[in-house]
2 protein chains.
Amino acid sequence: MTTTTAAQKKAQAKVEYDAFLAQCPSRKLIDRIADKWVTLVLAALNSDGSHRFGLDCAGEPRPMRYSELSRLLAGVSQKMLTQTLRSLERDGLITRTVVPTVPVTVTYELTDLGISLHHVMRGLKGWAETHMDDVLANRATYDNRDA
Amino acid sequence: MTTTTAAQKKAQAKVEYDAFLAQCPSRKLIDRIADKWVTLVLAALNSDGSHRFGLDCAGEPRPMRYSELSRLLAGVSQKMLTQTLRSLERDGLITRTVVPTVPVTVTYELTDLGISLHHVMRGLKGWAETHMDDVLANRATYDNRDA
DNA sequence: GGAAGTAGGCACCTGAAGGTGCGTAACGCC
DNA sequence: GGCGTTACGCACCTTCAGGTGCCTACTTCC
């Protein structure tokens, strides 16, 4: 019983740390935006749609239809688009409104919360555009180190 | 051949979009920080180590030893810690210095690039702390909608 | 009358992330 | 002399995010 200290203490610390991570807001946010299509959808909904790709956002928030998003984010599967939109709606980042036209159409729009989140994403984008080249250069140097 | 338009065009668009994503700096950055332990390591290296958990960073950059990180980030496996540190070193975000003491000790330290990245992470942290409660509230409301 | 668009649901499958466990080689502690 | 520490490497195993394909009803275009 007295010799359990080392391993047991580490196990205990791990449980505590895992519990901490499970309710850490920052971690939750990272998990949220780490979803492959979340950022793309946010960017698309914030753009004016005239751009070829979602991340080149320069317009202002505008409601978009499901099919429109599907076309803009050409790489997304129907399943993932639906899933992503549902989860974003669930979190109150976008709104989903059904318009009972001949074939039902559905429009999605950023909420204020979604817009504010997109703002911080712009911050990330800024860093990425100014520093990512350095990172890639470092990576190349590292890989050729022992070539 | 003439009837291939619809499906084929979509497939073509998908290929182009995937290619775009593959070299998009923002996406690369998101993939980078989405790694489970990357942000934790950055935060830990930026803190003074006196705090119980890595994300509660308030100190200034300080070199840390492998075992020290392992203890601070109690939940991380040795494999993942090593892997994470290697990839961060590869990207020039941290430096790895081997000190030939009796049992070799290794210290890791943030580079300027790593520090600047951590700054934008602080931005994310700020949003998370102020808005994540709203998100969780929305989520709860959504889930109890049809209960 | 067949194809395409409207917004998805459902089931299956795979690749990769991440965890666990074991080994190392030299040394200090009790 | 057996266990602990130091900083990993390697192999196996599980899990699950995400992709693919097939389905719906209804309508309109060619």
Side-chain angles (χ1 to χ4, degrees), chain A residues 2-11 14-15 17-18 21 27 30-41 63-89 94 96-108, chain B residues 1-11 13-15 17-18 21 27 30-41 63-89 94 96-108:
Chain A
T2 51
T3 55
T4 55
T5 35
Q8 295 276 338
K9 266 174 66 177
K10 180 161 179 60
K14 175 175 177 173
V15 169
Y17 195 78
D18 286 349
L21 283 186
R27 167 116 319 252
I30 292 174
D31 287 343
R32 197 78 203 76
I33 64 178
D35 261 297
K36 189 170 179 183
W37 301 106
V38 166
T39 53
L40 283 314
V41 170
M64 276 193 172
R65 299 185 41 194
Y66 180 89
S67 54
E68 196 172 3
L69 284 169
S70 179
R71 236 169 290 123
L72 198 61
L73 312 177
V76 73
S77 64
Q78 290 188 322
K79 171 191 165 184
M80 288 315 297
L81 181 53
T82 300
Q83 197 177 103
T84 303
L85 290 170
R86 280 294 137 76
S87 68
L88 289 176
E89 183 200 1
I94 63 175
R96 184 184 115 106
T97 53
V98 179
V99 184
T101 52
V102 189
V104 281
T105 55
V106 182
T107 57
Y108 295 92
Chain B
M1 297 299 180
T2 51
T3 54
T4 55
T5 35
Q8 296 276 337
K9 266 174 66 178
K10 181 163 178 57
K14 176 175 175 171
V15 170
Y17 195 78
D18 286 349
L21 283 185
R27 169 119 312 259
I30 292 174
D31 287 343
R32 198 78 203 75
I33 63 177
D35 260 297
K36 189 170 178 184
W37 301 105
V38 166
T39 53
L40 283 313
V41 170
M64 277 193 172
R65 301 190 35 198
Y66 179 90
S67 54
E68 196 172 3
L69 284 169
S70 179
R71 237 169 289 124
L72 198 61
L73 312 177
V76 73
S77 65
Q78 290 187 323
K79 170 192 165 183
M80 288 315 296
L81 181 54
T82 300
Q83 197 177 103
T84 303
L85 290 170
R86 280 294 137 78
S87 68
L88 289 177
E89 182 199 2
I94 63 175
R96 183 183 115 107
T97 53
V98 178
V99 183
T101 52
V102 189
V104 279
T105 55
V106 182
T107 56
Y108 296 92

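Labels below follow one simple rule: chain letters A, B, ... track the order of the sequence lines, proteins then strands, and each chain is numbered from 1. Reckoned from all heavy atoms, side chains included, excluding hydrogens, waters and symmetry mates.
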### Query
Less than 3.5 Å between a donor and an acceptor, one on the side chain of Lys79(A) and one on the base of dG8(C), is that the case here?
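A donor-acceptor contact between them is absent.
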
Whole Å only: how far is the [atom1] atom of [X] from the [atom2] atom of [N]?
X: Leu85(B); N: dG9(D); atom1: CG; atom2: C1'; value: 15 Å
X: Asp31(A); N: dG18(C); atom1: CG; atom2: P; value: 11 Å
X: Asp18(B); N: dG18(D); atom1: CG; atom2: P; value: 14 Å
X: Arg65(A); N: dG8(C); atom1: CZ; atom2: P; value: 11 Å
X: Glu89(B); N: dA7(D); atom1: CD; atom2: C1'; value: 13 Å

Minimum-distance nucleotide to [X] side chain [options: [options]]:
X: Trp37(A); options: dG19(D), dG8(C), dC22(C); result: dG19(D)
X: Gln78(B); options: dA7(C), dG8(C), dC22(C); result: dC22(C)
X: Met80(A); options: dG5(C), dG19(D), dA7(D); result: dG19(D)

### Message
Let me spell it out: for each of Gln83(A) and Lys14(A), pick the nucleotide of DNA chain C with the closest heavy atom. Which residue's pick is nearer the 5' end?
### Response
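Result of the comparison: Gln83(A).
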
[X] side chain N/O closer than 4.0 Å to the phosphate oxygens (OP1, OP2) of [N]?
X: Lys36(B); N: dG19(C); answer: yes
X: Ser77(B); N: dG19(C); answer: yes
X: Arg96(A); N: dG8(C); answer: yes
X: Arg86(B); N: dG9(D); answer: yes
X: Ser67(A); N: dT6(C); answer: yes

[atom1] of [X] to [atom2] of [Y]: how many Å apart, nearest 0.5 Å?
X: Ile30(B); Y: Thr39(A); atom1: CD1; atom2: OG1; result: 4.0 Å
X: Leu72(A); Y: Arg65(A); atom1: CG; atom2: CZ; result: 14.0 Å
X: Thr84(A); Y: Arg86(A); atom1: OG1; atom2: CZ; result: 11.0 Å

### Task
Nearest-nucleotide wise, let me know which of Pro103(A) and Asp35(A) is further upstream toward the 5' end of DNA chain D.
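First, find each residue's nearest nucleotide; the 5'-ward one identifies Asp35(A).
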
### Query
When you look at Arg96(B) and Leu85(B), which way does the side chain to side chain contact (heavy atoms under 4.5 Å, CB included) test go after all the steps?
CA-CA 8 Å; Arg96(B) 183 183 115 107; Leu85(B) 290 170; over 6 Å; no

### Task
Name the orientation class of the two ring planes belonging to Tyr17(B) and Trp37(A) (parallel below 30°, tilted from 30 to 60°, perpendicular beyond 60°).
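Taking Trp37(A) first and then Tyr17(B), their aromatic rings lie parallel (interplane angle under 30°).
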
### Query
Which is true for Thr105(B) with a 4.0 Å heavy-atom rule: it touches a base, it touches only sugar-phosphate, or it touches nothing?
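Sugar-phosphate, no base atom in range.
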
